[in-house]
Amino acid sequence: MSDTPDTTRAAADVLTFGETMLAAQLPGPLAVGAEARTTIAGAESNVAIGLARLGHRAAWAGLVGDDEPGRLILRTLRGEGVETSHAGVRPEAPTGGMLRERRVADLVRVHYWRRHSAASLLAPADLAPALDAGARTLHLTGITCALGPGPLEAVREAAAHAHAHGWTVVLDVNHRQRLWTAEDAGKALLPLLEHVTVLIASDDELPVVTGAFTEQPQGEDAAVDALLAAGVREVVVKRGGEGAALRGRDGSRHAVPALRVPVRDTVGAGDAFCAGYLSGLLDGLSPDGRLERANTLGAFAVASDGDWEGLPRRDELGLLAAAPGTTFR
């Protein structure tokens, strides 16, 4: 793919990058003859799809292998309206993969094949064309930072570039214990905080990022205080079925309850939440309005099968307000 930015197009609303994988999703445990649904999955591309469905211009600049899984990923993202002109193809490494099995009831296990994947080769130079093309917002996750020294350096340089150019920088902590320890994650994420505008974390992820600069265990309020003091403008805390909260450096506090929906699949809910919050930022919604949209997309995700497949279009945002069992004719 060309490294020359297309200067005839407007800058993206949101630029994101990271690893998107070929995904096999099983309705039960892994066994000989088990049927699987083939799809794609990746935190950053999940967010990009959620934004594109709401009418925002989302760009994804990750790397894939020169293989059928990589081509499937790019076709799917383009089909969902995600800009991929600055995505890269690495023939020397394969596209990563994952397998998700529903082991029993609602207990899910996820297995990854990410080591030495194309995405693990990401370096700052790979992102230069996308950064030069510009964006209003840069979306980052802790997952990309965990893929290796190259991806971590790419995240750091992208955050510094975006901050220097006045973009909104959003960091979703998105800690994955299978990828690295909380201690390693905290040390890696700490240098990003000076560039971060909005930090998003579940309540149990706050200690991951604050543990890098405090030795004492902290409650939620103290952890958020520490992040705001470190330069973050606002901290958004995901509380699952209890909703979400926001605190700003200006002293503002907001909390919005979750929507009550039947839960089918919780994987991808955090990414949907991020997409909703970013959409609210782009649309200039109030803090409560941003949290409400984030909760709405999270509810769509948990009430649907798949990481991103059930996310709404803009004209569907109000569907969950209908009574259970409603049929629209």
Side-chain angles (χ1 to χ4, degrees), residues 10 12-16 39-60 76-83 135-137 139 141 168 170 172 174 197-198 200-202 234 236-246 248 252 254-329:
D13 290 324
V14 176
L15 169 64
T16 190
T39 184
I40 69 169
E44 300 80 13
S45 56
N46 293 344
V47 170
I49 290 171
L51 288 164
R53 287 193 176 185
L54 293 178
H56 302 289
R57 186 176 172 214
W60 182 83
T76 302
L77 292 178
R78 287 194 295 266
E80 286 291 334
V82 176
E83 173 63 53
R136 294 171 60 186
T137 301
H139 167 258
T141 77
T168 297
V170 178
D172 179 9
N174 220 335
T197 315
V198 180
I200 300 176
S202 58
E234 59 186 46
V236 180
V237 181
K238 299 175 290 183
R239 295 174 175 161
E242 300 304 314
L246 179 156
S252 60
H254 304 267
V256 172
L259 279 70
R260 300 301 174 191
V261 295
V263 176
R264 294 181 62 173
D265 187 350
T266 60
V267 178
D271 303 330
F273 180 97
C274 288
Y277 195 83
L278 285 167
S279 175
L281 277 175
L282 292 167
D283 284 351
L285 300 185
S286 68
D288 284 351
R290 299 196 295 269
L291 291 175
E292 288 169 358
R293 183 166 295 177
N295 283 341
T296 295
L297 261 68
F300 268 98
V302 301
S304 309
D305 290 322
D307 289 25
W308 53 268
E309 288 86 340
L311 296 183
R313 309 288 177 183
R314 187 170 285 263
D315 63 356
E316 295 176 320
L317 286 172
L319 285 180
L320 297 183
T326 298
T327 299
F328 294 93
R329 302 182 187 276

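This structure is a prediction, so every number in the text was calculated from the model and none was measured. Index from 1, following the sequence.
One finds the CD1 atom of I40 at 5.0 Å from the CD1 atom of I49 (value rounded to the nearest 0.5 Å). Remark: E80 CD to R53 CZ distance equals 4.0 Å, nearest 0.5 Å. Atom CG of residue L51 and atom OG1 of residue T16 lie 9.0 Å apart, to the nearest 0.5 angstrom. K238 contributes atom NZ, which lies 5.0 Å from atom SG of C274 (distance to the nearest 0.5 angstrom). A distance of 5.0 Å separates CG of L259 from OG1 of T296, quoted to the nearest 0.5 Å. Here CG of D13 is found 11.5 Å from CG of L281. Values are rounded to the nearest 0.5 Å.
Residues meeting the side chain to side chain donor-acceptor pair (under 3.5 Å) test with S279, sequence neighbours left out: H56, R293. Legend: residues meeting side chain to side chain donor-acceptor pair (under 3.5 Å) with T327, ordered by chain and number and at least two apart, are absent. Take P287 and apply the side-chain contact (heavy atoms from CB on, under 4.5 Å) test, not counting sequence neighbours, and it matches L246, H254, R290. Contacts of D307 classified as side-chain contact (heavy atoms from CB on, under 4.5 Å), with partners at least two apart in sequence or in another chain: Q25, A41, N46, R100, V267. Partners of R239 under the side-chain contact (heavy atoms from CB on, under 4.5 Å) rule, at least two apart in sequence or in another chain, are D203, E220, V237, E242, A245. Annotation: side chain to side chain donor-acceptor pair (under 3.5 Å) contacts of E292 (sequence neighbours excluded): none. For T39, the side chain to side chain donor-acceptor pair (under 3.5 Å) partners are E309, not counting sequence neighbours. In this structure D305 satisfies the side-chain contact (heavy atoms from CB on, under 4.5 Å) test together with R264, D265, sequence neighbours excluded.
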*Dump the intermediate steps for side-chain contact (heavy atoms from CB on, under 4.5 Å) on S45 and L77, then the final yes or no.*
CA-CA 8 Å; S45 56; L77 292 178; 3.8 Å; yes
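Across all non-hydrogen atoms, the minimal contact from L317 to P312 is CD2-CG, 4.0 Å. In terms of heavy atoms, Y277 sits closest to A294 at N-CB, 3.7 Å. Of all non-hydrogen atoms in I200 and V170, the two that sit nearest each other are CD1-CG1, 3.9 Å. Shortest non-hydrogen contact noted between D271 and V47 is O-CG2, 3.4 Å. Nearest heavy-atom pair across A48 and A58 is O-CB, 3.6 Å. Looking at every heavy atom in both residues, A301 comes nearest to A269 through CB-CA, 3.8 Å.
Looking only at distances, no side-chain donor or acceptor of W308 sits under 3.5 Å from a matching main-chain atom of G42. Here the side chain of D288 pairs no donor or acceptor atom with the backbone of V256 at under 3.5 angstrom.
Residues in residues 314-324 take part in these salt bridge (charged side-chain N to carboxylate O under 4.0 Å, His left out) pairs, two or more places apart or across chains: D283-R314.
Between L278 and T137 the shortest side-chain heavy-atom distance falls below 4.5 Å. Residues L320 and V261 are in side-chain contact: their nearest non-hydrogen atoms beyond the backbone lie under 4.5 Å apart. The closest side-chain heavy-atom distance from N295 to F273 is below 4.5 Å.
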